[in-house]
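Sequence positions, counted from 1, serve as the residue numbers for this chain. Ligands are counted one by one from 1 in listed order, and the atoms in each one are counted from 1 as well.
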Amino acid sequence: MNTLPPAHSAPDSHPAYRVCPLCEATCGLELTISGGAISGVRGDRDDVFSKGFICPKGAAFDRLDNDPDRLRRPMVRGGERWREVGWDEAFAVVTSGLRGVVAAHGRQAIGIYLGNPNVHTLAGGLYAAGLARALGSPNVFSASTVDQMPKHVSCGLMFGDPLAIPVPDLDRTGFLLMLGANPLESNGSLATAPDWPGRLKALKARGGRLVVVDPRNTRTAAMADTHLAIRPGTDSYLLAAIALEIVSSSLMDLGDLADRVSGLDELAGILADFTPDVAAQVCGIPASAITGLARDLAAAPTAAVYGRIGTSATEFGTIASWLVDVLNVLTGNLDRAGGAMFPLAPHQRPGTGSGRGFRLGRWSSRVRGFPEVKGELPAAVMAEEMSTPGEGQIRAMITVAGNPVLSTPDGAALDAALADLEFMVAVDPYLNETTRRAQVILPPPPPSRSAHYDIAFSGLAIHNTARFNPPSLPLEEGDCDEPTILARLTLIALGEPDSPARLVDDQMIADTLGRAVQDPKSPVHQRDPAELRGLLTGSSTTEQRLDMLLRLGAYGDGFGTRPDALCLQALIEAPHGIDLGPLQPRIPEILRTPSGRVELAPAEIRQDLARLRAGIDARRGGLVLIGRRHLRSNNSWMHNLTVLNSGSNTCTLQVHPDTAAEIGLTDGAAARVASRAGEVTVPVEVTDGIQPGVVSLPHGWGHSLAGTRGSVAAARPGVNTNLLTDPMGLDPLSGTSVLNGIPVLVGSARA
Ligand SMILES: Nc1nc2c(c(=O)[nH]1)N[C@H]1C(S)=C(S)[C@@H](COP(=O)(O)OP(=O)(O)OC[C@H]3O[C@@H](n4cnc5c(=O)[nH]c(N)nc54)[C@H](O)[C@@H]3O)O[C@H]1N2
Ligand SMILES: Nc1nc2c(c(=O)[nH]1)N[C@H]1C(S)=C(S)[C@@H](COP(=O)(O)OP(=O)(O)OC[C@H]3O[C@@H](n4cnc5c(=O)[nH]c(N)nc54)[C@H](O)[C@@H]3O)O[C@H]1N2
Ligand code: SF4
Ligand SMILES: [Mo]
């Protein structure tokens with residue numbers, strides 16, 4: 001352990017190590033703490049995973065932490081006026097607000113939206129799902145249905161567990177086929193890896209090959225050996241044609257999985273229509289390139305296929321997500337070193353190899369009848385569920401770490417619907433486009449004052465590690481940590497507003513230990529739960545809960561049965577983390593399908609393929625809109641720092657020179673972009689970094705609404721691209737919004 005202060009620091013200063021919570025790469029940061037504040041940030045060179053890598057957002061961690069616009073006290077609104085109140089008063093307003101709505105309209109009248117940072121915080125990882133359950137309402141929404149839900153569905157259907165998501169074995173693969181991802185800007189997603197640029201360079205240095213499929217010539221595409229500029233929304237045709245070619249040319253080799261797969265015989269039949277010639281026409285990629293790719297992929301000693309936002313948030317998102325893993329299976333690369341593998345997080349236990357499988361549609365949305373997926377309904381139906389009168393109408397909302405007015409389809413309709421609610425409470429550090437509609441805002445403390453452990457991302461990482469950080473700075477007078485905020489909301493939802501917050505943890509610990517001692521496979525089988533409870537360490541019941549999960553987990557000490565193994569204290573003593581080694585094969589143990597096999601051709605997907613077939617003859621030719629990300633943005637909430645919201649990080653409409661000439665657009669001039677859902681006016685950026693016929697706008701902008709508190713963001717606001725996304729456009733199996741491949745009309749704003 002390196003305890004020496006960094007050379008540049010003052011004598012009274014000391015380093016504090018913590019994992020960056022700002023994106024999925026989970027880089028280790030070294031903060032310099034002097035005089036009770038952060039005086040410096042750099043990459044932690046000793047971090048077992050990131051080894052010093054950091055990006056501009058991580059480097060701005062201190063400024064984000066100290067942003068003067070960040071809320072530090074609960075706020076209660078009366079009319080247009082906000083006033084700061086104490087925590088007890090704030091929770092009392094929430095209690096009476098929610099109680100009134102439940103009394104008048106029932107529990108289903110409360111909705112909840114869980115935004116993206118919930119997967120980055122320990123509070124979100126341990127309390128958000130419990131809060132949603134405690135509401136007892138069908139109206140649970142999250143950012144997943146504007147993001148990765150298609151992957152959950154395809155993995156749920158194939159492996160029986162929507163959380164069993166294979167990730168590319170980035171450090172060992174010899175061939176990476178990447179679709180709809182741009183990790184040089186995003187730093188990766190559903191494949192947690194600090195330093196994608198370095199890891200992709202290493203792939204090439206060891207003789208590996210990188211193929212990128214993207215309608216834009218991104219920085220990632222620029223690194224590729226081959227860049228295929230695909231027509232937006234058509235990846236499923238490309239992937240189906242590759243799969244068909246592999247099957248029909250007998251190029252497949254399932255390797256060790258051969259006895260573990262069901263549905264192989266059906267593939268050739270269900271994919272028969274998607275020949276390379278058909279795909280070529282639909283995707284705009286030559287048939288010879290498609291068959292060549294199929295052959296290269298099958299012949300590569302190791303290969304991984306990986307798809308992200310550009311495959312997921314599209315018309316055929318679930319089919320594309322499924323085909324990605326079909327290819328991994330057909331080429332023998334699923335679950336083997338150098339292929340696509342399943343991580344095993346420290347708080348997880350290995351599975352039993354079969355289970356009840358994954359079910360969709362246990363309930364439906366009231367207005368449009370959209371099926372439930374993984375306990376939630378599509379974010380795109382939130383507005384209509386609030387604004388359509390009738391029994392079951394949402395009359396109150398809880399938002400936790402979300403800004404759906406900017407992040408989900410038809411933000412204007414959602415904004416109006418939120419304004420019309422009887423009650424809304426937001427757990428959020430900013431007064432932004434969404435939280436301005438709340439009656440109460442409950443701000444968590446800045447990240448430096450929170451403990452950190454990655455519940456979500458240690459299960460999605462390309463290398464197994466364990467890292468925990470206690471708060472780098474203490475809570476200040478008047479702070480309430482986010483676990484306590486979420487626990488108190490949970491108790492309010494359960495009708496026990498006066499119970500102490502720790503009750504939520506105590507109950508969870510008692511339930512988990514009670515089950516563990518009954519489980520013959522558990523390391524604590526037949527021990528006394530009260531004795532185990534007494535052994536838990538941690539400075540809060542939250543930390544004790546984490547200690548419990550770690551000790552029961554795959555690498556855990558089993559409460560003393562494996563003395564040198566993991567527990568919370570071991571992680572506290574290892575501030576740079578513990579390396580748990582490269583990913584290991586997990587089939588069959590990870591499977592939870594009733595058959596105990598990988599289901600290659602699930603019925604739900606076979607059925608949805610009819611839609612893909614029907615799409616072959618769809619008219620394509622008009623302009624389509626896609627998204628993009630910039631290294632110095634993160635969704636909607638990092639535009640309030642000048643270091644990030646400046647320079648090339650701009651909200652412009654990217655247009656190819658030929659397209660610009662056709663429409664009469666010039667660089668820097670204003671364009672009007674209209675879709676079925678709405679329209680925006682935005683400056684044009686003419687660039688050959690995008691294909692003709694495709695235009696691109698980044699999301700998360702549009703900070704010009706009144707009544708928010710973000711002075712830097714408001715000065716350089718951009719426009720909200722989600723005024724153009726159509727709430728009617730959903731991938732039917734996952735309820736995920738079509739955010740890429742939206743038909744638009746573009747004209748000069750002067751015309
Ligand atoms: N800097 C930064 N980092 C982020 C975020 C951020 O906002 N900014 N957000 C974080 C979040 S929440 C997520 S989910 C991840 C997302 O991580 P990524 O998926 O890597 O995100 P993007 O950079 O948007 O890359 C998507 C790519 O898909 C391309 N694309 C669009 N349509 C299609 C299509 O139809 N087919 C194909 N093949 N490609 C298409 C786009 O041109 C774009 O280059 O990033 C995370 N990291
Ligand atoms: N058109 C288009 N739309 C998109 C996308 C796209 O590619 N194109 N991408 C989609 C994707 S992948 C995602 S994930 C969504 C994101 O959708 P959201 O999660 O709704 O949006 P964010 O901008 O991430 O909002 C995060 C909120 O959390 C708050 N916050 C930050 N840190 C914390 C914390 O520690 N605790 C709490 N309680 N709050 C915190 C911020 O202030 C902000 O209000 O956007 C989606 N929207
Ligand atoms: S890449 Fe992501 S995790 Fe790493 S420093 Fe940047 S924002 Fe933080
Ligand atoms: Mo996301």
Undergrad: What's the shortest distance from atom 40 (C) of ligand 2 to any protein heavy atom, and which residue and atom give it?
TA: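 The answer is Pro429 CD, 3.4 Å.
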Undergrad: With atom 36 (N) of ligand 1 as the reference point, say which of Leu625, Leu739, Asp235 has the nearest heavy atom.
TA: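 The option holding the nearest heavy atom is Asp235.
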Undergrad: Looking at ligand 1, would Asn187 count as a contact under a 4.0 Å heavy-atom criterion?
TA: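 Checking ligand 1 against Asn187, which is what was asked, there is no heavy-atom contact under 4.0 Å.
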Undergrad: Does the side chain of Asp65 come under 3.5 Å of the side chain of Ser448 through a donor N or O and an acceptor N or O?
TA: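 There is such a pair between these side chains.
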Undergrad: Ligand 1 versus Asn634, non-hydrogen atoms closer than 4.0 Å: side chain, backbone, both, neither?
TA: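 For Asn634, backbone and side-chain atoms both sit under 4.0 Å from ligand 1.
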Undergrad: Output yes when the distance from some N or O of ligand 1 to some N or O of Val213 is under 3.5 Å, and no in every other case.
TA: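 Yes; at least one N/O pair falls below 3.5 Å.
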Undergrad: Heavy-atom contacts with Val427 under 4.0 Å: which atoms of ligand 2 show up? List them by number with element.
TA: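 This gives 37 (C), 38 (N), 39 (N) as the contact atoms.
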Undergrad: My understanding is that we take every heavy atom of each candidate and find the minimum distance to atom 8 (N) of ligand 1. Doing that for Ser696, Gly627, Ser633, Gly689, which one comes out nearest?
TA: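 Shortest heavy-atom distance from atom 8 (N) of ligand 1: Ser633.
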Undergrad: Side chains of Ser189 and Glu24: do they bring a donor and an acceptor to under 3.5 Å?
TA: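 There is such a pair (donor and acceptor under 3.5 Å, judged by atom type) between the side chains of Ser189 and Glu24.
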Undergrad: For Arg216, is at least one N or O under 3.5 Å away from an N or O on ligand 1?
TA: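 In this structure, Arg216 places an N or O atom under 3.5 Å from an N or O of ligand 1.
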Undergrad: Below the 3.5 angstrom mark, is there an N/O of Ile626, backbone or side chain, next to an N/O of ligand 1?
TA: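 So ligand 1 has no N or O lying under 3.5 Å from an N or O of Ile626.
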Undergrad: Say whether Ser711 and Asp69, considering side chains only, have a donor N or O and an acceptor N or O under 3.5 Å apart.
TA: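 Result is yes, a qualifying pair exists.
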Undergrad: Using a 4.0 Å heavy-atom cut-off, say whether Gln148 meets ligand 1 through its side chain, its backbone, both or neither.
TA: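 It is neither part, as no heavy atom is under 4.0 Å.
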Undergrad: What protein heavy atom is closest to atom 25 (O) of ligand 2, reported as residue, atom name and distance in Å?
TA: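 Heavy-atom neighbour on the protein nearest atom 25 (O) of ligand 2: Asn403 N, 3.5 Å.
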Undergrad: Counting heavy atoms only, which part of Pro444 comes closer than 4.0 Å to ligand 2: side chain, backbone, both or neither?
TA: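 It is the side chain that gets close, since no backbone atom is under 4.0 Å.
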Undergrad: Partners of Ser450 by side-chain contact (heavy atoms from CB on, under 4.5 Å), sequence neighbours excluded?
TA: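 For Ser450 the side-chain contact (heavy atoms from CB on, under 4.5 Å) partners, ignoring immediate neighbours, are Pro445.
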Undergrad: Can you list the atoms of ligand 1 that are under 4.0 Å from a heavy atom of Pro215?
TA: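 Those of ligand 1 that fall under 4.0 Å from Pro215 are 30 (N), 33 (C), 37 (C), 39 (N), 40 (C).
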Undergrad: Using distance alone, decide if ligand 1 has a nitrogen or oxygen within less than 3.5 Å of any nitrogen or oxygen in Arg628.
TA: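 In this structure, Arg628 places no N or O atom under 3.5 Å from an N or O of ligand 1.
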Undergrad: Any heavy atom of Lys57 closer to ligand 1 than 4.0 angstrom?
TA: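 Checking ligand 1 against Lys57, which is what was asked, there is a heavy-atom contact under 4.0 Å.
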Undergrad: Which atoms of ligand 2 are found less than 4.0 Å from any heavy atom of Gly115?
TA: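 Those atoms are 19 (O).
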Undergrad: Is it the case that the side chain of Asp325 and the backbone of Asn328 share a donor-acceptor pair, with hydrogens and angles ignored and the cut-off at 3.5 Å?
TA: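 Side chain of Asp325 to backbone of Asn328, a donor-acceptor pair under 3.5 Å: no, none is there.
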Undergrad: Are side-chain N/O atoms of Asn403 and Thr434 paired as donor and acceptor at under 3.5 Å?
TA: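 Yes, because at least one side-chain N or O of Asn403 sits under 3.5 Å from a partner of the opposite role on Thr434.
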Undergrad: Using a 4.0 Å cut-off to any heavy atom of Gly310, which atoms of ligand 1 qualify?
TA: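 The atoms of ligand 1 under 4.0 Å from a heavy atom of Gly310 are 28 (O), 30 (N), 31 (C), 32 (N), 33 (C), 34 (C), 35 (O), 36 (N), 37 (C), 39 (N), 40 (C).
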Undergrad: To check your reading of the model: name the closest protein heavy atom to atom 38 (N) of ligand 2, its residue, and the distance in Å.
TA: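 Checked against all protein heavy atoms, atom 38 (N) of ligand 2 sits closest to Glu482 OE2, 2.7 Å.
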Undergrad: Quiz question: by atom type and distance under 3.5 Å, do the side chains of Glu185 and His630 form a donor-acceptor pair?
TA: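 Note: Glu185 and His630 side chains miss the donor-acceptor criterion.
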Undergrad: Hey, which atoms in ligand 2 end up nearer than 4.0 Å to a heavy atom of Thr721?
TA: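 So the atoms of ligand 2 that pass are 1 (N).
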Undergrad: Using every non-hydrogen atom in the two residues, find where His152 and Pro162 come nearest and quote the distance to one decimal.
TA: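 The pair with the smallest heavy-atom distance is ND1-O, 2.8 Å.
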Undergrad: May I ask you to identify the nearest protein heavy atom to atom 46 (C) of ligand 2, giving residue, atom name and distance to one decimal place in Å?
TA: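 Result for atom 46 (C) of ligand 2: Ser407 O, 3.4 Å.
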Undergrad: Give yes or no for whether the N/O distance cutoff of 3.5 Å, strictly under, is met between Asp147 and ligand 2.
TA: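 Looking only at distances, the answer is no, because the N/O contact criterion of under 3.5 Å is not met.
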Undergrad: If you measure only the distance, is there a donor-acceptor pair under 3.5 Å linking the side chains of Asp731 and Thr318?
TA: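 The answer is yes; a qualifying pair exists.
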Undergrad: So, Arg436 side chain and Gly707 main chain: donor-acceptor pair closer than 3.5 Å or not?
TA: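 Pair absent, no side-chain N/O of Arg436 close to backbone of Gly707.
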Undergrad: Tell me whether Ser675 contacts the main-chain N or O of Leu724 through its side chain, where contact means a donor paired with an acceptor under 3.5 Å.
TA: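 Side chain of Ser675 to backbone of Leu724: a pair is present.
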Undergrad: Distance to 0.1 Å, residue and atom name: give those for the protein heavy atom nearest to atom 2 (C) of ligand 2.
TA: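 Protein heavy atom with the smallest distance to atom 2 (C) of ligand 2: His699 CB, 3.4 Å.
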Undergrad: Tell me the contacting part of Asn432 for ligand 2: side chain, backbone, both, or neither, using a 4.0 Å heavy-atom threshold, strictly below.
TA: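 Near ligand 2, Asn432 shows its side chain, while the N, CA, C and O stay back.
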Undergrad: Please state which protein non-hydrogen atom is closest to atom 20 (O) of ligand 2 and give its distance, to 0.1 Å?
TA: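 The closest heavy atom on the protein side is Tyr113 OH, 2.7 Å.
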Undergrad: List every atom of ligand 1 that sits less than 4.0 Å from any heavy atom of Leu631, numbering the atoms from 1 in the order shown and giving each element.
TA: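 Result: 1 (N).
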Undergrad: State plainly whether the residues Asp214 and Arg628 are in salt-bridge range, i.e. N to O under 4.0 Å.
TA: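 Result for this pair is no, no salt bridge flagged.
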Undergrad: Considering Ser737, Pro409, Ala128, Ser636 one by one, which has a heavy atom nearer to atom 23 (O) of ligand 2 than any of the others?
TA: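 Minimum heavy-atom distance to atom 23 (O) of ligand 2 goes to Ser636.
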Undergrad: Among all protein heavy atoms, pick the one closest to atom 10 (C) of ligand 2 and tell me residue, atom and distance.
TA: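 Result: Val146 O, 3.1 Å.
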Undergrad: Would you say CZ of Arg611 has more than 12 non-hydrogen atoms from neighbouring residues, nucleotides or ligands within 6.0 angstrom?
TA: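 Enclosed.
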Undergrad: Look only at interatomic distance and state if Arg632 has a nitrogen or oxygen under 3.5 Å from any nitrogen or oxygen of ligand 1.
TA: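 There is no such contact.
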Undergrad: In ligand 1, which numbered atoms sit nearer than 4.0 Å to a non-hydrogen atom of Ile230?
TA: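 Under 4.0 Å from Ile230, ligand 1 has these atoms: 36 (N), 37 (C), 38 (N).
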Undergrad: Find all atoms of ligand 2 within a distance of less than 4.0 Å from any non-hydrogen atom belonging to Asn635, and give their numbers and elements.
TA: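 Counting from 1, the qualifying ligand atoms are 14 (S), 16 (C), 22 (P), 23 (O), 24 (O).
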Undergrad: Report the residues that fulfil side-chain contact (heavy atoms from CB on, under 4.5 Å) with Pro429, sequence neighbours left out, ordered by chain and then residue number.
TA: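 Pro429 satisfies side-chain contact (heavy atoms from CB on, under 4.5 Å) with Arg70, Pro444 only.
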Undergrad: Pick, from Arg629, Arg219, Arg231, the option with the minimum heavy-atom distance to atom 13 (C) of ligand 1.
TA: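 Among Arg629, Arg219, Arg231, the closest heavy atom to atom 13 (C) of ligand 1 belongs to Arg629.
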Undergrad: Check whether any N or O atom of Thr725, backbone or side chain, sits under 3.5 Å from an N or O atom of ligand 2, and answer yes or no.
TA: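 No; the residue has no nitrogen or oxygen that sits under 3.5 Å from a nitrogen or oxygen of the ligand.
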Undergrad: Quick one: nearest non-hydrogen protein atom to atom 18 (P) of ligand 1, plus distance?
TA: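 For this ligand atom, the closest protein heavy atom is Ser186 OG, 3.5 Å.
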Undergrad: What about Thr234: any of its N or O atoms under 3.5 Å from an N or O on ligand 1?
TA: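 Such a contact does not occur with ligand 1.
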Undergrad: Strictly by modelled atom types, are Ser633 and His639 linked by a side-chain donor-acceptor pair under 3.5 Å?
TA: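 On atom types as modelled, these side chains qualify, holding a pair under 3.5 Å.
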Undergrad: Can you check whether Asn722 has an N/O within less than 3.5 Å of an N/O in ligand 2?
TA: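 By distance alone, the answer is yes.
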Undergrad: Which bit of Asn740 gets closer than 4.0 Å to ligand 1, counting heavy atoms only: side chain, backbone, both or neither?
TA: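 Within the 4.0 Å criterion, Asn740 contacts ligand 1 through side-chain atoms alone.
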Undergrad: At less than 4.0 angstrom from any non-hydrogen atom of Arg308, what atoms of ligand 1 do you find?
TA: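 What qualifies from ligand 1 is 14 (S), 19 (O).
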Undergrad: Heavy-atom contact check, 4.0 Å cutoff: does Gly233 meet ligand 1?
TA: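 Under 4.0 Å: yes for Gly233.
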Undergrad: Show the atoms of ligand 2 that are less than 4.0 angstrom away from any heavy atom in Pro404.
TA: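 Those atoms are 20 (O).
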Undergrad: Between Ser189 and ligand 1, which part of the residue brings a heavy atom under 4.0 Å of the ligand: side chain, backbone, both or neither?
TA: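 For Ser189, only side-chain atoms sit under 4.0 Å from ligand 1.
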Undergrad: State the atoms of ligand 1, each with its element, that fall below the 4.0 Å cut-off from a heavy-atom position in His630.
TA: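 Under 4.0 Å from His630, ligand 1 has these atoms: 1 (N), 2 (C), 8 (N).
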Undergrad: Any idea which protein heavy atom is nearest atom 29 (C) of ligand 2, and the distance to it?
TA: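 Checking every protein heavy atom, the shortest distance to atom 29 (C) of ligand 2 gives Asp428 OD2, 3.1 Å.
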Undergrad: Short list, please: which atoms of ligand 1 are under 4.0 Å from a heavy atom of Thr218?
TA: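 Near Thr218, the atoms of ligand 1 are 44 (O).
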Undergrad: Of the side chain and backbone of Thr121, name the one, both, or neither that has a heavy atom under 4.0 Å from an atom of ligand 2.
TA: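 Under 4.0 Å from ligand 2, Thr121 contributes side-chain atoms alone.
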Undergrad: So between Asp214, Asn116, Ile309, whose heavy atom ends up nearest atom 27 (C) of ligand 1?
TA: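 Answer by nearest heavy atom: Asp214.
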